[in-house]
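Quick notes on the structure that follows.
One-based numbering, in listed order, for ligands and for the atoms of each. All residue numbers refer to positions in the sequence shown, counting from 1.
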Amino acid sequence: MDFQKIQLPREIHTGEGVIEETGAICKDLRISGKVLVVTGHHTLKVAGEKAIKSLQDEGFEVENITIEKASKDAVIEVQDGIGSASIVLGVGGGKVIDVAKLASTRSGIHFISVPTAASHDGIASPRASIKNEGGSVSLKAKPPLGIIADTSIISKAPFRLLAAGCGDIISNYTAILDWQLSHRLLNEYYSDSASALSLMTAKMTMKSADAIKEGLAESAGLVVKALISSGIAISIAGTSRPASGSEHKFSHALDIVAPKPALHGEQCGLGTIMMMYLHGGDWKFIRDTLKTIKAPTTAHEMGIKPEYIIEALTKAHTIRKERYTILGDRGLTEESAEALAVTTGVI
Ligand SMILES: NC(=O)C1=CN([C@@H]2O[C@H](COP(=O)(O)OP(=O)(O)OC[C@H]3O[C@@H](n4cnc5c(N)ncnc54)[C@H](O)[C@@H]3O)[C@@H](O)[C@H]2O)C=CC1
Ligand SMILES: O=C(CO)COP(=O)(O)O
Ligand SMILES: [Zn+2]
């Protein structure tokens, strides 16, 4: 008998100034003793100090570790720093949250996600992306026990991060098409409920594109809730399939070949335009929606040379080979990759 275990965040707190409630939220979650707060150098100032003060005001003993990279060493540093802590808070962007997520998972304690930017669905997902020699590896982890998303802080983050978050949500379109293709072709496990949630999240974000504006807490709230739904869809499915298909293979390949990759969500948005074309879908709608949100739709806007786009397209099918997508087992030739990127206006 195979049992399915679904772990989801227990509490999700969003709103302007909710960071000030961090101590009370942890108390309500019956957390006690020492709390380890992991931040980036910059996000310590932006949000970490507020969270630490709120915890101390509620009587918690707090320690802080700041990290630079989402590396194995950073995870070990946080694991070593956990000591008697009963919980870890990750206060920052995706790198900080991933390090806190993996270190707490490996130490057998919970973690609370406190995103300072809405740049991708890692803020709620049970995945952590950690740098290794070959680029980065996507690892299984525990989803956050709770999420504290201060929309005032997130709305003040560079708008590029919010636009990137939209790209990561819109990428669910082609991720689901790839998953359905693999289910039909190879009878791969497929979850209707996870797909429905993932697709609904992408559709809602596409429909609200005109409302996603720089500096608005409402826009930040809209994108944060969509990213959380996307992360929950991954937890329900027990795989990142609802949010990661051929467009993510392209982004992961670009992370390897490009000297200076763009943001994850930006690369996934561009990948979605091209993979939707391969699926025979409405790629122009994807492109135009990303344009409305002011997310990049060309390699030039991402600051990446055309040759790296073509190289990443020809390598994409080699990423996570067991995950069948529209790229097939043989992937794109150099000619077809160039034709695809030119036809969709990416280069
Ligand atoms: N776990 C998962 O499911 C996923 C993980 N990832 C990983 O996430 C990482 C990328 O995360 P990102 O958030 O895109 O980049 P990031 O974590 O590098 O943050 C981008 C920059 O924004 C700054 N920042 C964050 N919040 C800010 C604020 N409120 N004000 C001013 N600056 C702020 C950070 O200090 C950093 O310099 C990569 O390591 C990637 O592999 C990507 C997708 C999914
Ligand atoms: O980025 C993700 C979902 O948006 C995680 O997907 P991966 O499993 O491809 O790392
Ligand atoms: Zn993603």
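A distance of 10.0 Å separates CG in Leu290 from CZ in Phe285, rounded to the nearest 0.5 Å. In this structure, the separation between CD1 on Ile234 and OG on Ser191 is 12.0 Å, given to the nearest 0.5 Å.
Within the 2.8 Å limit, Asp121 places no N, O or S atom next to the Zn ion (ligand 3).
For Thr43, no nitrogen or oxygen atom sits less than 3.5 Å from a nitrogen or oxygen atom of ligand 1, counting backbone and side chain alike. Every N/O-N/O distance between His264 and ligand 1 stays at or above 3.5 Å. Checking only distances, Ser119 does come within under 3.5 Å of ligand 1, N or O to N or O.
Listed by chain and number, residues touching ligand 2 at under 4.0 Å (heavy atoms only) are Asp121, Arg127, Ser138, Asp168, Ser240, Ala243, Ser244, His248, His252, His264, Arg320.
Of the heavy atoms in Asp255, none comes closer than 4.0 Å to ligand 1. Both the backbone and the side chain of Thr116 come within 4.0 Å of ligand 1, counting heavy atoms alone. Proximity of Lys95 to ligand 1, defined as any heavy-atom pair under 4.0 Å, is shared by backbone and side chain alike.
Taking the side chain as every heavy atom from C-beta outward, His264 and His252 approach each other to under 4.5 Å. Between His279 and Thr174, some side-chain heavy-atom pair lies under the 4.5 Å cut-off.
Not a single protein heavy atom sits closer than 4.0 Å to atom 36 (C) of ligand 1. Contact annotation for atom 21 (C) of ligand 1: protein absent (non-hydrogen atoms, distance under 4.0 Å).
Atom NE2 is the N, O or S atom of His248 at the shortest distance from the Zn ion (ligand 3). Asp168 has its closest N, O or S atom to the Zn ion (ligand 3) at the position named OD1. The atom name of the N/O/S atom in His264 closest to the Zn ion (ligand 3) is NE2.
Counting only N and O atoms by type, the side chains of Glu247 and Thr272 include no donor and acceptor under 3.5 Å apart. For the residue pair Tyr190 / Ser195, a side-chain donor-acceptor distance below 3.5 Å is found, with atom types taken as modelled.
Applying the salt bridge (charged side-chain N to carboxylate O under 4.0 Å, His left out) test to Lys27 and every residue at least two apart in sequence or in another chain returns nothing.
Evaluation of the salt bridge (charged side-chain N to carboxylate O under 4.0 Å, His left out) test over residues 105-115, restricted to residues two or more places apart or in two chains, returns none. A side-chain hydrogen bond (donor to acceptor under 3.5 Å, both in side chains) check over residues 109-122, counting only residues at least two apart or in different chains, returns the pairs Asp121-Ser230.
Assignment of Ala128 to the shell around ligand 1 is supported, since a heavy atom sits closer than 4.0 Å.
Across Lys101, Lys45, His120, heavy-atom proximity to atom 11 (O) of ligand 1 is greatest for His120. The nearest non-hydrogen atom to atom 15 (O) of ligand 1, considering only Gly94, Ala124, Ala141, Ser71, comes from Gly94.
Cluster membership for Trp283 and Tyr173, using ILVMFWY side-chain heavy atoms within less than 4.5 angstrom, is shared.
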